[in-house]
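The structure appears right after this line, and notes come after that.
Lettering of chains follows the sequences in order, A, B, ..., and the numbering in each one begins at 1.
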Amino acid sequence: MTEKVDYKQTMNLPDTAFPMRASLATREPEWLRFWDELDIYRRCLEANENGPVFVLHDGPPYANGHIHMGTAFNKVLKDLVVKYKSMRGYYAPYVPGWDCHGQPIEHQVEKDLGPERMKEISQADLRALCRDYAMRFVGVQAAEFQRLGVQGDFDDPYLTLNPAYEAGNVKVFAEMYRRGMVYRGSKPIHWCYRCKTALAEAEIEYGDETSHSIYVKFRFTDAPEPWAAEDLPVSVLIWTTTPWTLPANVGVTLADDADYVGVKVAGEIVVLAEALVESVAGIAGWEDYHVLPTRVKGGALAGLHYVLPVHTDGTGVIITGEHVELSTGTGAVHTAPGHGEEDYLVGQRFGLPSLMPVDDNGVFDAGGGPFAGMHVEKANPVIIEWLREQGSLVHAGTTSHSYPHCWRCKKPVIFRATEQWFVSMDATGLRDAAMQAMKGVEWVPGWSVNRIGSMVADRPDWCISRQRAWGVPIPVFACVACGETVATDETFAAVEHLFATEGADAWFKKKPAEYLPAGTACPRCGGSELKAESDIVDVWFESGVSHTSVLEARPELHRPAELYLEGSDQHRGWFQSALLTSVGAYDQAPFSAVLTHGFIVDGDGRKMSKSLGNVISPLDVVSKYGADIIRLWVASSDYSQDVSVSDEILERTSEAYRRIRNTFRFLLGNLADFEPSLAVPYDQMPELDRYALVSLGDLVSRVTKAYDEWKYHTVYRAVYDYCVVELSAFYLDVLKDRLYADAAGSHSRRSAQTVLAAVLGDVVRLVAPVLSFTAEEVWQSAAEPLRDGVVSVHLAGWPVAEERADAADLRAAYGVVLAARDAATKALEDARNAGEIGKSQQARLRVRAVPADRAVLEARGAEALAEMFIVSAVVLEPADDGEAEAGAPRVIVEAAEGEKCPRCWNWRELGADDLCARCSTVVSAL
RNA sequence: GGGCCCAUAGCUCAGCUGGCUAGAGCGCACGGCUGAUAACCGUGAGGUCGGUGGUUCGAGUCCACCUGGGCCCA
């Protein structure tokens, strides 16, 4: 019996302090402190001071609430872009921003305040509360974004409530105004006559309401052709639930393509959609009626005139629209552009006037005709009676339907046109210019341009005014004497200066005379008393002008930005408002490229909502898995579609992370005693090592290309597969014998370490934009000589794929070798299942390959093949006739000859010391 | 109801301009190893490509419709 010797001590086993368990949740904050002390954001900028500039311009999230999966995804994606560009040598500043104005914050503050205190508070005080509210959440979100590893100028972000930002609004508005694309018009909005206020869509609560339901005849001025022969009065029959809007009627909208018929009833003819005759007859209680045979398309009736229902001395016109429903009503829609959104839009298209005879209190003015002075609600029954007297009422009943209510007083609201400010899409050719400008932009993914294109092509004029408190005022004045708008280069300059120095709050505290140049007067009547406009600007306009307030204003940025990157909802939102304001003021798109991503959905592809109970919070993921897992999930997802997240997905991501982490750990462990001065030159390396470097170079090329094409999930895939397939399953597995058993300072082991150092150095940088924390941990765990004085992986630059003269030959040869290896592992598995072997080193393989392959294998040498197959010996044999055609080599497993070397576990002839020759030499030299 | 988009194994992804028995990794099952060990190695079983119809000699890959889902409108 030989005495058991512990040869383990004589081997070079991995040694590293880099822990297998990541403990990201606790360790990541330490790296955040490390970067903070390093001032890594500024260091990255300084390092690239002379590099090309790449500006990713942050779209400002709304400053309320905590971050959610969508904002986390967006910010991490941006961070990948910025960190990659920075490592590539670009000067890549990233200034995060927040959208601080707007109705949701104002609404929340008002709710917190309560109705009593709300009545007391001044606009200035209300604005101060809104500001506090916004600032609180800017702080909350900034901390949360940074926890995700997002790097940027969080010490000096841009906020839409900053004076300098507010001034930018004036600058852009002024330029667009000067160019003649801003005008005053009217547009219907939700209005609560009890609270005497305009309401935003978000302030509307929908609830069931019982309304009047009336059918009314509008008499044609001349009997339309199809029914003229009957020689009876002909009317079009409409249905409405708001009798009080009839005084504002100017048109009747029909469905262009639907069939309309005349119904003879009670001695006259009423026209309505054929599909609705039966239901109307039932409701109206027609017993004796007759549908005339002639059918007419709605479009054929367009242009006919009828006598207005209330103002019977005037006429209205028949038009067509796509919003006409054929499931309820009559298929003929009473159209009052002053009192309905769709009516307004269709009215615009047909050039109908927008009558609005109702004042702030909901009372008819003179435009109400016989109902002037009456409140609309009280007028309803009166109007119905009046219509009955006129003989135009066909039926009056009630109906229950969903109707908008005021969130404050919970009472029904009305729709009512008011004076608003608009940006004209066509008066100065803004639409065409915008369509043109978007052609010069790179849209990722490509279909993205279709979406914004159709939006810009179809959109109505942009209503940019809001009747609210928390925002930036429309920077114009009205003459108190004559009502004329006063807005000149001088007043704009004064307001811009006012905002820049004191903020928009000053608008609500000072009188115009205090900041306008002396002598500013109304151009029409010469009046010198001016009133500041009380409306504020649409928040989309506000965020849109960041190209001016931020890109142009900050020295490190520029307009146009290289990239805007947001969720696909921003085609309608920020992308569009930025495009329109930039083209409007500068004839130029604000961005060179726009990247959009999908929305975050659950594992079944459904949107996240509290009611479905499928919401996952990024903060929970951070504390359970760590920010790097979120980052890896972001990188692994194809953002051009909606992106799923679920416990399973995160669990899988986490497993993938562990695999990558372990790969780094193995590399670090085997480089403990290595430094660059010990490196073996490429041309002196064993072939396998050269192949490994070629393969590494291929990875670098592939990954770099993927980053450049914004395909992060390809980056992830490539790196992960490389770790698993190339390294773990092949190269590293093969290398263990050499690394552990050869002499520590041997050429063969140093060669392997040279490769491992290259792999470590390259891969850690390839993943640094994604696994920012872990890459830093790896970097700091590497021996100092390997880091060469670079204090952070994020300052380490980008790896270069080296060109190797023998690369093509090696790729071809190793294609054959790896195919043979596959055949070998299969054969070994069979032998294992048959109980013939355990470890592969117990085997000796006879490999029979077709001549071409055998030549390739022979050129590597049997010893090299044994090393690569991790067996004790390989014998190459000619294939039998029957095997000659086979693609993969045939492999026969036999027991290895010799005995198991107690040190390296290969089966060899053992010497006097009971060791194999290699181990004997190594041990005796110790 | 409209515009844009999506739908390949349990998961994440490949499948270019239509052409061999639809691929990868993970997960899973089984096995090995115990010198990457809350690791590592191997083998294997899983999709007929959301559905229907069509174009074609041939379709996951083109067309139509449908179903389900997402964003934005209405």
Quiz item: Is the cationic atom of A:Arg661 (NZ for Lys, CZ for Arg) positioned less than 6.0 Å from the six-membered ring centroid of A:Phe18 and within 45 degrees of its normal?
Solution: yes
Quiz item: Between A:Lys900 and A:Trp905, is NZ or CZ placed under 6.0 angstrom from the six-membered ring centre and within 45° of the ring axis?
Solution: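 Here A:Lys900 passes the 6.0 Å and 45° test against A:Trp905.
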Self-check item: Polar pair under 3.5 Å, donor/acceptor by atom type, side chain A:Thr16, base B:rA36
Solution: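 Check fails, no donor-acceptor contact within cut-off.
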Quiz item: Does A:Arg665 make a side-chain donor-acceptor contact with the base of B:rA36, cut-off 3.5 Å?
Solution: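 Between B:rA36 and A:Arg665, which were checked side chain against base, a qualifying N/O pair under 3.5 Å is absent.
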With under 30° as parallel and over 60° as perpendicular, where do the rings of [X] and [Y] fit, or are they tilted in between?
X: A:Phe575; Y: A:Tyr564; result: tilted
X: A:His571; Y: A:Trp447; result: tilted
X: A:Trp462; Y: A:Phe541; result: tilted

Considering only [options], which nucleotide approaches the side chain of [X] most closely?
X: A:Leu13; options: B:rC41, B:rG35, B:rU43; value: B:rG35
X: A:Asn662; options: B:rC26, B:rA39, B:rG44; value: B:rA39
X: A:Ser636; options: B:rG35, B:rU12, B:rG31; value: B:rU12
X: A:Ala729; options: B:rG31, B:rG42, B:rA38; value: B:rG42
X: A:Lys839; options: B:rC33, B:rC5, B:rG42; value: B:rC33

Practice problem: Identify all stems in which RNA chain B takes part, counting only runs of at least 3 consecutive pairs (Watson-Crick or G-U wobble, each distance under 3.5 Å), and give each as one range with another, ordered by first number. | Solution: B:1-7 with B:67-73, B:10-13 with B:23-26, B:28-32 with B:40-44, B:50-54 with B:62-66
Self-check item: side chain to side chain donor-acceptor pair (under 3.5 Å) partners of residues 450-459 of chain A, not counting sequence neighbours, each pair once
Solution: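 The answer is A:Arg459-A:Gln576.
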Self-check item: Listed once per pair and sorted, the side chain to side chain donor-acceptor pair (under 3.5 Å) pairs that draw on residues 336-349 of chain A, sequence neighbours left out
Solution: A:Tyr344-A:Gln348
Self-check item: Where protein sits on nucleotides 69-74 of chain B, one letter per nucleotide: B base, S sugar-phosphate only, - none, heavy atoms under 4.0 Å
Solution: SSBSSS
Self-check item: Which residue lies more 5' along RNA chain B, comparing A:Trp447 with A:Ser637 via nearest heavy atoms
Solution: A:Trp447
Quiz item: Taking for each residue the nucleotide of RNA chain B with the nearest heavy atom, is it A:Asp830 or A:Ser640 whose nucleotide lies nearer the 5' end?
Solution: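 This one resolves to A:Ser640.
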Quiz item: Who are the side chain to side chain contact (heavy atoms under 4.5 Å, CB included) partners of A:Val441, not counting sequence neighbours?
Solution: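 Scan of A:Val441 (side chain to side chain contact (heavy atoms under 4.5 Å, CB included), adjacent residues dropped) gives A:Trp443, A:Ala589, A:Phe591, A:Val594.
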Quiz prompt | Partner set under side chain to side chain contact (heavy atoms under 4.5 Å, CB included) for A:Val724, not counting sequence neighbours | solution =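 A:Val724 satisfies side chain to side chain contact (heavy atoms under 4.5 Å, CB included) with A:Arg659, A:Tyr720 once adjacent residues are dropped.
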Taking 4.0 Å as the cut-off, does a side-chain nitrogen or oxygen of [X] come that near to OP1 or OP2 on [N]?
X: A:Tyr740; N: B:rA36; answer: yes
X: A:Ser840; N: B:rC33; answer: no
X: A:Arg832; N: B:rC41; answer: no
X: A:Arg659; N: B:rA38; answer: no

Contacts of [X] that satisfy side chain to side chain donor-acceptor pair (under 3.5 Å) - sequence neighbours left out:
X: A:Gln842; result: none
X: A:Arg908; result: none
X: A:Asp708; result: A:Tyr84

Which atoms of nucleotides 9-11 of chain B (N or O only) lie under 3.5 Å from a protein N or O atom, and what are those distances?
| from | atom 1 | to | atom 2 | distance (Å) |
| --- | --- | --- | --- | --- |
| B:rG10 | O2' | A:Glu648 | OE1 | 3.2 |
| B:rG10 | O2' | A:Glu648 | OE2 | 3.2 |
| B:rC11 | O4' | A:Glu648 | OE2 | 3.3 |

Table of protein N/O atoms under 3.5 Å from nucleotides 14-17 of chain B N/O atoms:
| from | atom 1 | to | atom 2 | distance (Å) |
| --- | --- | --- | --- | --- |
| B:rA14 | OP1 | A:His713 | NE2 | 2.5 |

Exercise. Enter syn or anti for the glycosidic conformation of B:rG46, syn applying to angles within 90° of 0.
Key: syn
Quiz item: Roughly how far apart, to the nearest Å, are B:rG60 and B:rU48 at atom C1'?
Solution: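 Rounded to whole Å, the distance is 9 Å.
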Exercise. Locate the shortest heavy-atom distance separating A:Glu777 from A:Pro19; write the atom from each residue and the value.
Key: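 Looking at all heavy atoms of both residues, the shortest contact is OE2-CD, 3.7 Å.
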Quiz prompt | Qualifying salt bridge (Lys or Arg N to Asp or Glu O under 4.0 Å) pairs with a residue from residues 830-840 of chain A, counting only residues at least two apart or across chains | solution =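 As it turns out, the salt bridge (Lys or Arg N to Asp or Glu O under 4.0 Å) pairs with a partner in residues 830-840 of chain A, which skip direct neighbours, are A:Glu829-A:Arg832.
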Quiz prompt | Face-to-face contact A:Tyr7 to B:rG35 six-ring, under 5.5 Å, under 30° | solution = no
Quiz item: Got A:Ile600 and A:Asp642 here, is their nearest side-chain heavy-atom distance under 4.5 Å?
Solution: no
